[in-house]
Colleague: 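Okay, handing you the structure first.
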Amino acid sequence: METELNERLTQLEQVLQSIKDAVIRVDAELLVSLMNAAATKLFKTGADYKGQSIERVAQVPVFVEFLRESNKAEDTSFEFDLVRGPHTRHIRARITQQEDGGQVIVLRDVTAVRRLERMRRDFVANVSHELRTPISVVSANSETLLEGAIDDPTFATKLLEAVNRNAGRLTLIINDLLDLSRLEAGSYSLHKSRIYPHKVACRVRESLEDKAHARQTIVDVDIEEDLTVLADEAAFFQVLVNYLDNAIKYTPEGSVIKICAEQRNAKVRVEVRDDGPGIPEKVANRVFERFFRVDPGRSREMGGTGLGLSIVKHLVEAMNGRVGVDNVAPSGCSFWLDLPPA
Ligand code: ADP
């Protein structure tokens, strides 16, 4: 009988210790009687927790306050931030009341879930914000035309030009959004093969020749002709187009932009370097986020959607590469991508 009981206890202990959620039991005085391994890890406590107050063990006043105040007749849940060292985690606690006045608390780290929820909310808000302006121009101008402006050819032309421009902008935004969602869903098919960056960079320069010319910008390609990378040609082309297009847009007229590449150990770094204003250091790690712009007004004025660099990041990561940006002396920045050599 006793061995059976012991066996059962061992099994229960094993189950408790293998649960990923942190489990704590406190008595009616909020003294800890039991913690599983996940709980001691979460609160970074030692094995000598038995009989200590939850206040001392958890060191989160709002959480302890909640346990103290919680209606002893009901099971409840509560969320709080847990700061340990440099990390802040968002924790959800479910509290089950026990007959003896104690409480069993199950804690789960919901940081990632909450972050994703926030990203989704922000994304929807950003998309709506981006679409609102062009849609309102299309709707206001067509209304003005219908109300009689159609009979004034000069005015009508102006209104229609704005409709056309904004419809074009909507197309740009929607195409970028579709690209992004295809990339995120992993349904963008990439075919990696041996690519010559020199050849692709020259084609990229050619495709943006008119734009560069209009801003008297010089684009140099400085890449060894026989250097190769393992990449999807269309994706690699698109990445360089986005980098170069930005460099032309965000540097003053008469700038010099250089597309260069070199082999560094086990990877090839391809860079688009400009001599423009560069990126403020404190936002350098955010420019690859969706809709992030250093200067939103200027970006829209230049026809930007704020999505170009996030598309770049997804494309490069889908090719097992990495992206980044560094400011360069005396001015300007270098947008780069690392790819495996072919
Ligand atoms: P956008 O459509 O606004 O150009 P991107 O995702 O391509 O969107 O770029 C995000 C932001 O990064 C831009 O709005 C701009 O503020 C900044 N940026 C990109 N490239 C450069 C550059 N070469 N020099 C300075 N700022 C740049």
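In this text, all values refer to a predicted model and were calculated from it rather than measured experimentally. The figures that follow rest on heavy atoms only: side chains count, while hydrogens, waters and symmetry mates do not. Atoms within each ligand, like the ligands themselves, are counted from 1 in listed order.
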Colleague: Determine which pairs satisfy ring pair (Phe, Tyr, Trp, His ring centres under 6.0 Å) with at least one residue from residues 189-223, sequence neighbours left out, and list them in order.
Modeller: none
Colleague: Does any pair with a residue in residues 94-107 pass salt bridge (Lys or Arg N to Asp or Glu O under 4.0 Å), and if so which ones, sequence neighbours excluded?
Modeller: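 Listed by first then second residue: Arg25-Asp100.
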Colleague: Just the distances, no angles: every ligand 1 N or O to protein N or O pair closer than 3.5 Å, one line each.
Modeller:
{"from": "ligand 1", "atom 1": "2 (O)", "to": "Thr305", "atom 2": "N", "distance (Å)": "2.8"}
{"from": "ligand 1", "atom 1": "2 (O)", "to": "Gly306", "atom 2": "N", "distance (Å)": "2.7"}
{"from": "ligand 1", "atom 1": "3 (O)", "to": "Tyr250", "atom 2": "OH", "distance (Å)": "3.1"}
{"from": "ligand 1", "atom 1": "3 (O)", "to": "Ser299", "atom 2": "OG", "distance (Å)": "2.5"}
{"from": "ligand 1", "atom 1": "4 (O)", "to": "Asn246", "atom 2": "OD1", "distance (Å)": "3.2"}
{"from": "ligand 1", "atom 1": "4 (O)", "to": "Lys249", "atom 2": "NZ", "distance (Å)": "3.2"}
{"from": "ligand 1", "atom 1": "4 (O)", "to": "Tyr250", "atom 2": "OH", "distance (Å)": "2.7"}
{"from": "ligand 1", "atom 1": "6 (O)", "to": "Gly308", "atom 2": "N", "distance (Å)": "3.4"}
{"from": "ligand 1", "atom 1": "6 (O)", "to": "Leu309", "atom 2": "N", "distance (Å)": "2.8"}
{"from": "ligand 1", "atom 1": "7 (O)", "to": "Asn246", "atom 2": "OD1", "distance (Å)": "3.3"}
{"from": "ligand 1", "atom 1": "7 (O)", "to": "Asn246", "atom 2": "ND2", "distance (Å)": "2.8"}
{"from": "ligand 1", "atom 1": "8 (O)", "to": "Gly306", "atom 2": "N", "distance (Å)": "3.4"}
{"from": "ligand 1", "atom 1": "14 (O)", "to": "Tyr250", "atom 2": "OH", "distance (Å)": "3.3"}
{"from": "ligand 1", "atom 1": "16 (O)", "to": "Val294", "atom 2": "N", "distance (Å)": "3.0"}
{"from": "ligand 1", "atom 1": "23 (N)", "to": "Asp274", "atom 2": "OD2", "distance (Å)": "2.8"}

Colleague: Quick one: does NZ or CZ of Arg298 land under 6.0 Å from the six-membered ring centre of Tyr250, within 45 degrees of the ring axis?
Modeller: no
Colleague: Relative to each other, are the rings of Tyr243 and Phe288 parallel, tilted or perpendicular (30° and 60° limits)?
Modeller: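 Tyr243 vs Phe288 ring planes: perpendicular.
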Colleague: Take the angle between the ring planes of Phe63 and Phe43 and call it parallel below 30°, perpendicular above 60°, tilted in between.
Modeller: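 The rings of Phe63 and Phe43 lie parallel, inter-plane angle below 30°.
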Colleague: For residues 144-154, which residue pairs qualify under salt bridge (Lys or Arg N to Asp or Glu O under 4.0 Å), counting only residues two or more places apart or in two chains?
Modeller: none
